[in-house]
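For reference, the structure is listed below as structure tokens.
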Amino acid sequence: MASILVVDDERIIREGCNRILAKLGYEVREAGSGEEGLNLLRAGPCDLLLLDLKMPGLSGMEVLQRVQQNHPSLLVVVITGYATVESAVEAMKAGAYDFIPKPFTPDQLRLVVHRALEKKALEMEAEGLRKEKERGLREIAGEKSKIRTIIHCMVDGVLVTDHEGQLVLHNPAAVRMLKMDGPPGFGLPIREALSREGLEAWVEKLYQVCEGKSPAVSQEIPIGGTTLMGHTAPVIGEEGEILGTVTVLRDIGLLKAMDRMKSDFVAMVSHELRAPLASVEQQLSVILAGILGEVNERQKEMMARAKERTHGLICLINDLLDLAKIEAGVVVQYRERLSIAEVLEKAVDILKGEAEVKNQTLHLSAPLSLPPVMADRRNMEEVFINLLSNAIKYTGEGGWVKVETRREGSYLCVQVEDNGIGIPPEDLPHIFDKFYRVKNAQTRRIVGTGLGLPIVKRIVEAHLGTVEVESRVGTGSKFRVYLPLDPFWKEGHEETVSAPDSGSPGGPS
Ligand code: ADP
């Protein structure tokens with residue numbers, strides 16, 4: 001409850017005020033002179049001061065002045081006995097909140113006190129709100145400057161655009177990485193800010209993200225002897241509208257160089273190993289064939305095992321070599337108009353022996369009338385030999401493997417299906433990773449390197465195609481390869497050269 005100090009030299013007034021106000025629950029203190037009143041204020045604060053203007057000793061006006069100096073937030077209501085309105089006005093000018101003329105009724109006193117305390121409460125509330133707002137603004141300013149500092153100090157480049165592709169934020173790393181002459185102005189269209197040779201394709205992609213024509217994109221940007229990886233993502237508003245884009249740029253030049261060195265190293269080592277191993281395998285074959293003299297059963301068995309292991313090593317080295325070459329981007333692809341049916345026939349021919357050993361049926365449906373693709377023959381043989389040999393390897397005795405082909409829009413789809421062991425769903429997302437092999441009781445005895453599918457994926461993607469898989473444990477697997485058809489081939493006019501077919505209904509996205 002509020003506390004009130006009554007300063008009046010007339011005891012009867014003081015006591016009257018005390019009685020009325022104490023009944024309302026206020027805590028009331030009394031002082032008979034200005035000096036006493038100031039002492040009481042020094043001893044402890046109060047919410048309202050009822051101050052007589054005309055007192056012997058220190059006058060009410062003098063007390064008011066000192067209160068203004070020392071307790072500026074204290075509300076003062078002056079009591080104007082025998083006084084004129086002028087002295088009340090003077091006191092109000094000097095800072096009093098209100099006045100009450102003597103003599104006054106209890107109701108008048110209650111009203112004045114109530115009004116004054118209400119004002120005080122409102123003032124305090126307003127002050128609280130002001131402080132809260134100030135704190136909020138300070139916090140926001142603090143957050144903003146923190147974010148600015150973080151973005152400014154980041155090693156990665158950051159570019160933010162609005163929905164029209166105008167720059168709204170960039171950091172020094174982005175300016176440096178993109179070899180800009182200086183920090184571009186905010187509000188500048190990014191097309192202008194980045195109008196340098198080699199960046200056009202990436203900038204266009206950025207606009208496509210701005211316009212909602214493309215989801216987030218990641219693109220390698222070769223620039224000034226290094227390579228940047230740019231990840232651009234749309235900023236989506238609450239209603240699903242695109243507010244702008246955020247691009248993060250990272251210099252991956254060093255990573256790429258290391259990757260190249262690693263591939264070169266693998267290629268070199270593999271090459272050095274392959275030749276002697278191939279010769280060991282050959283010599284074992286000669287001995288096993290009995291050309292150098294009779295071999296007893298026990299020797300045969302051991303040598304066959306040694307030959308098998310040697311063969312496994314040669315396969316691993318071949319895969320490593322292929323992968324290293326593909327990763328280094330040095331497969332000089334000789335693209336030609338190619339009939340996939342022919343490639344599939346050859347692959348089936350090579351692998352039919354393996355299927356026979358397991359009593360499997362190997363079925364191929366690939367009409368020679370299928371439209372051709374533009375591809376490297378050896379690459380394609382590698383893709384389908386890998387897929388077929390997996391299908392045979394991961395299918396049990398007496399199972400079947402089917403190869404089917406069909407046209408899907410401007411793509412050719414080749415499906416290699418088996419009724420083998422299938423792939424557990426948790427392994428499916430990883431089977432195209434290098435060296436990944438499904439490890440369970442069924443695969444334990446099957447030899448492999450975990451490099452076949454990564455090679456397939458890289459070759460297919462290098463031909464602008466895609467590969468996908470569907471599989472169920474215990475039922476079998478379906479691998480589908482989509483390859484773009486030769487765009488210059490037209491049915492019935494095989495040698496006619498015309499504009500590329502751009503539509504791809506039903507093809508991979
Ligand atoms: P690997 O040399 O081990 O066969 P791949 O890269 O060709 O390596 O395949 C990766 C893994 O995917 C294999 O280890 C196998 O577990 C699984 N896999 C591939 N093809 C099939 C298939 N047709 N059926 C079942 N599992 C398969």
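On a predicted model such as this, the values are computed, not experimentally measured, just so you know. Read the numbers this way: they start at 1 and go in the same order the structure lists the ligands and their atoms. Note that the numbering runs from 1 along the sequence shown for the chain.
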Item to check | Under 3.5 Å donor-acceptor, Glu200 side chain and Gly198 backbone | outcome: yes

Item to check | Check: Arg191 main-chain N/O paired with Tyr207 side-chain donor or acceptor under 3.5 Å | outcome: yes

Next on the checklist: Donor-acceptor pair, distance only, cut-off 3.5 Å: does the side chain of Asn419 make one with the backbone of Trp400?
Outcome noted: yes

Checklist entry - How long is the span from the CD1 atom in Ile446 to the NZ atom in Lys393, to the nearest 0.5 Å? => result 7.5 Å

Next on the checklist: Residues around ligand 1, heavy atom under 4.0 Å from any ligand atom, sorted by chain and number. Can you pull those?
Outcome noted: Asn390, Ala391, Lys393, Tyr394, Asp418, Gly422, Ile423, Ile431, Tyr436, Arg437, Val438, Gly448, Thr449, Gly450, Leu451, Gly452, Leu453, Pro454, Ser477, Phe479

Checklist entry - Quick one: CD on Glu381 to CG on Asp376, what's the gap to the nearest 0.5 Å? => result 9.0 Å

Item to check | Ion pair check, Lys457 and Glu461, cut-off under 4.0 Å | outcome: yes

